[in-house]
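The chain is numbered in sequence order, starting from 1. Computed from heavy atoms alone, side chains included, the values below leave out hydrogens, waters and symmetry copies.
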Amino acid sequence: MVRDFHIAEREEDISYYAGYVGSSFMLGRALTSILWGVIADRYGRKPVVVIGTITVVIFNALFGLSTNFWMAIITRFLIGSLCGIIGTMRAYASEICRKEYHALGISAVSTSWGIGLVIGPAIGGYLAQPAEKYPSIFSKESFFGRFPYFLPCLMISVFALAATVMSFWLPETLHKHNKIKRDKNNFDESAGGTPDESNGSNVSQNMNHSERRAPGSQKSLLKNWPLVSSIIVYCIFQLHDIAYLEIFSLWAVSPRTLGGLSFTTADVGQVLAITGLGLLLFQLLVYPLVERITGPVMISRIGAVLSIPLLASYPYLALLTGFGLSIALNCASMLKNILSVSITTGLLLMQNRAVSQEQRGAANGISMSSMSLFKTIGPAAGGSLLSWSQRRQDADVLPGDQLVFFVLNVIELLGLLLTFRPFLKEPEDSDISKSKDDSLDQENGIQERLVITELP
């Protein structure tokens, strides 16, 4: 798409400009994720989900109609800033499942996100530039011939429209328990006035006492080190993942003279589609069992350890050709994405277990904003790094694409080191249980006082 905008003067500069298109989406999400988290905690999960899917319907279609570089940048920025669905769905998944099924719930969300990152480029690979790929169906003078990237965007917008319709039947998980206040108001009205002064004082004192006993609802999220430490580690790994995804597609379609694989967009789409199928099967069938045995932190460490030698082998895949290259690349891509999503899921489990329900939307908003800031850097840095590495094919140290994958491994190693104590602290279930118990005590205390005021 950037190539067709004719903004890059050289072939090597295309990756540089493409990175900024990807970063604009993450920048928009970084600026608004906390706001969407607060809205989800105040007004419910469902409204945020509906607004997010409608945003995709409208602005993703407009992105496909982009006629220049800046229109593409603006529409992607608006999608990122107006769609707060990801963090909200992570909170939602942990609320509709009992604790023993949290891994499956969070895994489903992570898998959906991971598959989206795989199937989305696959759709683009097969449906972009349809007049060139399928001239018997689409002519160059047709609408899809004049807007060669609208068809894949239209397909995704149609899918998002179906998701919007289904979202109206989504059950809300956030309940504010306003019944107690209504009961009190009804009592006041039926009594012809307000309760006597002493009873009102008792209710007020009991509420104040209960509020002091609910540290989970008053405690600042930024002072919750299990949450903050897991978010930081999560951001490091997400920086790695978004840079990898950006680099992988650009590296695969780059000519072999620049160290790439000379793939077409359809070839890349096929690899990513196969990767998505493997990712789905692993996350839904294998991951919950492995997480139950090892725990979320250990599975993240294992994923990081295995990713390092796997990434180091990528530059040597360019030496293969034909069927051997296809098999090796599909296996490597599938394994890499399985490991990445396993790391992500483990850290998301830690984040949602570190807070109580009334703070979960805001906590996921902070996580999304922080992660999006890192992901804003990732595509631009990854594209720039690939462009620079392709200009140093004859370097003595880490020539060409070897430099790119070495830098990715350095980031992965940093994330691995941060998963150990004293930096990363696992949340203790007793803290969350105590917060929930105190909240129940507060509610029950109010109910008890209301019953007392009704006695003659």
Side-chain angles (χ1 to χ4, degrees), residues 29 32-58 82-116 156-183 214 216-217 221 227 280 283-285 287-288 291 341 344-345 348-368 429 432-433 435-437 439-440 442-444 446-447:
R29 197 165 68 179
T32 61
S33 288
I34 295 178
L35 174 62
W36 286 118
V38 172
I39 292 173
D41 280 341
R42 179 169 298 181
Y43 300 105
R45 319 303 190 203
K46 184 175 176 178
V48 176
V49 173
V50 173
I51 293 172
T53 53
I54 292 175
T55 295
V56 176
V57 172
I58 298 172
L82 298 178
C83 181
I85 190 173
I86 301 298
T88 302
M89 288 307 299
R90 288 170 180 170
Y92 187 89
S94 64
E95 292 166 354
I96 61 173
C97 299
R98 295 198 301 268
K99 182 181 176 182
E100 59 266 31
Y101 296 110
H102 276 184
L104 180 61
I106 297 295
S107 177
V109 176
S110 298
T111 302
S112 301
W113 173 245
I115 290 176
I156 294 173
S157 290
V158 170
F159 179 83
L161 180 61
T164 302
V165 175
M166 290 188 289
S167 295
F168 285 103
W169 283 272
L170 199 68
E172 181 60 71
T173 59
L174 184 69
H175 303 289
K176 290 299 185 179
H177 304 292
N178 290 325
K179 184 176 182 300
I180 298 170
K181 292 183 178 180
R182 290 197 302 270
D183 290 343
S217 60
L221 289 174
L227 172 66
L280 174 64
Q283 285 294 112
L284 296 183
L285 302 179
Y287 180 85
E291 190 276 335
V341 176
T344 297
T345 306
L348 289 176
L349 278 170
M350 290 185 60
Q351 291 173 29
N352 281 279
R353 290 174 180 174
V355 293
S356 54
Q357 185 189 25
E358 62 269 18
Q359 292 182 312
R360 199 163 283 143
N364 279 279
I366 293 173
S367 174
M368 289 298 296
D429 292 338
I432 304 304
S433 298
S435 175
K436 290 180 179 178
D437 292 341
S439 298
L440 289 174
Q442 177 182 357
E443 181 178 329
N444 292 335
I446 297 172
Q447 289 176 332

Which heavy atom of [X] sits nearest a heavy atom of [Y], and at what distance?
X    : Y    : value
V48  : I39  : CG2-CG2, 3.9 Å
C97  : G105 : SG-CA, 4.0 Å
V56  : A160 : CG1-CB, 3.7 Å
L82  : T55  : O-OG1, 3.2 Å
L227 : A363 : CD2-CB, 4.0 Å

Determine whether a donor-acceptor pair (N or O, by modelled atom type, separation under 3.5 Å) exists between the side chain of R45 and the backbone of E172. no
Output yes when a side-chain donor or acceptor of S167 lies under 3.5 Å from a complementary backbone atom of A163, and no otherwise. yes
I want to check something: taking the side chain as every heavy atom from C-beta on, are W36 and I51 in contact at a cut-off of under 4.5 Å? yes
Take N352 and N364 through the side-chain contact (heavy atoms from CB on, under 4.5 Å) test and state the conclusion after the steps. CA-CA 8 Å; N352 281 279; N364 279 279; 3.1 Å; yes
Validation: residues 83-92 side-chain donor-acceptor distances under 3.5 Å, sequence neighbours left out:
{"residue": "T88", "atom": "OG1", "partner": "G84", "partner atom": "O", "Å": "3.0"}
{"residue": "R90", "atom": "NH1", "partner": "Y234", "partner atom": "OH", "Å": "2.7"}
{"residue": "R90", "atom": "NH2", "partner": "Y234", "partner atom": "OH", "Å": "2.9"}
{"residue": "Y92", "atom": "OH", "partner": "P171", "partner atom": "O", "Å": "2.7"}

All salt bridge (charged side-chain N to carboxylate O under 4.0 Å, His left out) counterparts of E291, not counting sequence neighbours: R353
Quick one: list whatever passes side chain to side chain donor-acceptor pair (under 3.5 Å) with S157, sequence neighbours left out. none
